[in-house]
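All chains are named by letter (A, B, ...) in the order of the sequence lines, taking the proteins before the strands, and each is independently numbered beginning at 1.
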Amino acid sequence: YALQGSRWRVKNLTYKISKYPKRLKRNDVDAEIARAFAVWSEDTDLTFTRKTSGPVHIEIKFVESEHGDGDPFDGQGGTLAHAFFPVFGGDAHFDDAELWTIGSPRGTNLFQVAAHEFGHSLGLSHSDQSSALMAPFYRGFEPVFKLDEDDKAAIQSLYGRKTNQYTPTNAYPPSTHRPSYTPPKVPLDDSICKDSKIDTLFNSAHGETFAFKGDKYYKLTTDSVEEGYPQLISKGWPGLPGNIDAAFTYKNGKTYFFKGTQYWRYQGSQMDGAYPKEISEGFTGIPDHLDAAMVWGGNGKIYFFKGSKFWRFDPAKRPPVKASYPKPISNWEGVPNNLDAALKYTNGYTYFFKGDKYYRFHDARFAVDTATPPFPRPTAHWWFGCKNTPSSTAVGDNQSNDEPFEPEMSERTGSGAGSYQLTSNS
Amino acid sequence: AQMAPVSTTTQAEMYLSQFGYLPASARNPANSGLQDKHTWVSAIEEFQSFAGLNITGELDEETLKLMSLPRCGVRDRVGTGDSRAKR
């Protein structure tokens, strides 16, 4: 998926259909448009409310040919609709020369096209995944609609995952509505608390997060380490050595591990072929002895880090690494050199780990996030649930619900009027 | 009126320009002769890569067929146009 670069600061959005299509009943259109918006509400806390008058976030119009925005429609076929990204207002225009239909293989399905256009209204660009709703080409009527994982990851990277804990409003929610804070459990084997420097962190294809250290691995819960861990890496991933340099799971569902000059590919816990192989063969242009690797949420491409440099790897391109790489890590504002690990966490944020500390990266601002307490923060407390680590006591005393424990609660979506923002004090 | 499918080089050039693979000036057929070959081939390759086609750099039948499909009017390559400068 690809993000345009802007998003709404609020999650409760309003819309208005200011010009209806000529061939469909208004009630039917209202229902299809509501269904199309609901596609984006299912996996996020976004809500969409229809208004019939007054200012709204997203205005919808069915128009033909030149309609005032300098991008005229072209009659039946060709361009079906277009929409503006949040920074340009979010409006969605549909070519009324099309034969818009509802639940029929004839004509052009309104629901499918509207759901796609509202993706743009929310900040998504076109995806190069043909199965994604945000792919640019109309696929014809699909009787059963299911949002692709690519689209789901895209929208959650902008607006977070669904919390279901309360309905967000433009006002600050009363503190009584906050989920209760549960002190994290301390792992039984607390060696990770004494030395929280890790080798690598990655998400599995099923969304589980694992931390590797030496010849052991830890399965993380939302607030600490799952009971029964650490375990031996050789037990969880037969054939894989300890002291891994870097790892990531790609969108093909396979996990890649890097150590020294070699790499291994796994499908779940099974080695996916004859490994190890040389990094120089499978990842042309990427150096050996890596520090960290991740699939960045901003564009879905693979990034490798070593020393003070980083490389972008796109398997679909030839060559997969552009000549302009490596580039200095200082391009990632606030991220230090000589990293230990990098991870796009399940809440959509990107995290960088070095020594016993970690940094949360704001993908849209392209800088380390500003928050209270500030980054870097101690990994032991925030990721492994350890107590009595430097600065963890103060955090616990304040009962700050900052992630990774309560990721959605700490979403900082801006400070403008009407924005949805929670801090440890609010 | 039904929109004609993309079948000529000029139509393909306008298509590639409209969806962000070529600069906006290519939308004017009078300027089409000024397009250098490298830019043209790169644009086709980029489109083919994005659309999951074989990357041939040529305006083959498969590429023209995909260009003729109904689609969203938003550019595939946001930020590559002349309205936004590269940092």
Checklist entry - Most heavy-atom pairs under 4.5 angstrom with chain B, which of A:His82, A:Arg318, A:Gln129? => result A:His82
Checklist entry - Within a reach of under 6.0 Å around NZ of A:Lys16, are more than 12 heavy atoms found that belong to other residues, nucleotides or ligands? => result yes
Checklist outcome for this item: Highest number of heavy-atom pairs under 4.5 Å with chain B among A:Ala83, A:Ser127, A:Ala2, A:Gly5 belongs to A:Ser127
Checklist entry - With under 30° as parallel and over 60° as perpendicular, where do the rings of B:Phe50 and A:His126 fit, or are they tilted in between? => result tilted
Next on the checklist: For A:Ser125, which atoms come within 4.5 Å of any heavy atom of chain B: side chain, backbone, both, or neither?
Outcome noted: side chain
Checklist entry - So which bits of residues 102-122 of chain A come within less than 4.5 Å of chain B, counting non-hydrogen atoms only? => result A:His116, A:Glu117, A:His120
Checklist entry - Excluding sequence neighbours, so at least two apart, what forms ring pair (Phe, Tyr, Trp, His ring centres under 6.0 Å) with A:Trp332? => result A:Trp296, A:Tyr303, A:Phe305, A:Phe310, A:Phe352, A:Phe361, A:Phe366
Checklist entry - Which residues, numbered in order, of residues 57-66 of chain B come under 4.5 angstrom of chain A by heavy-atom distance? => result B:Leu66
Checklist entry - What closest approach, in Å, do A:Ala316 and B:Ile55 show between heavy atoms, and which atom pair accounts for it? => result O-CD1, 4.4 Å
Checklist entry - What side chain to side chain donor-acceptor pair (under 3.5 Å) pairs are there with at least one residue in residues 133-149 of chain A, not counting sequence neighbours? => result A:Ser131-A:Asp148, A:Arg139-A:Glu142, A:Glu149-A:Lys152
Next on the checklist: Around atom NZ of A:Lys22, are there more than 12 heavy atoms from other residues, nucleotides or ligands closer than 6.0 Å?
Outcome noted: yes
Item to check | B:Arg71 CZ to A:Leu80 CG distance, which is reported to the nearest 0.5 Å | outcome: 9.5 Å
Item to check | Region of A:Phe85 that comes under 4.5 Å of a non-hydrogen atom in chain B | outcome: side chain
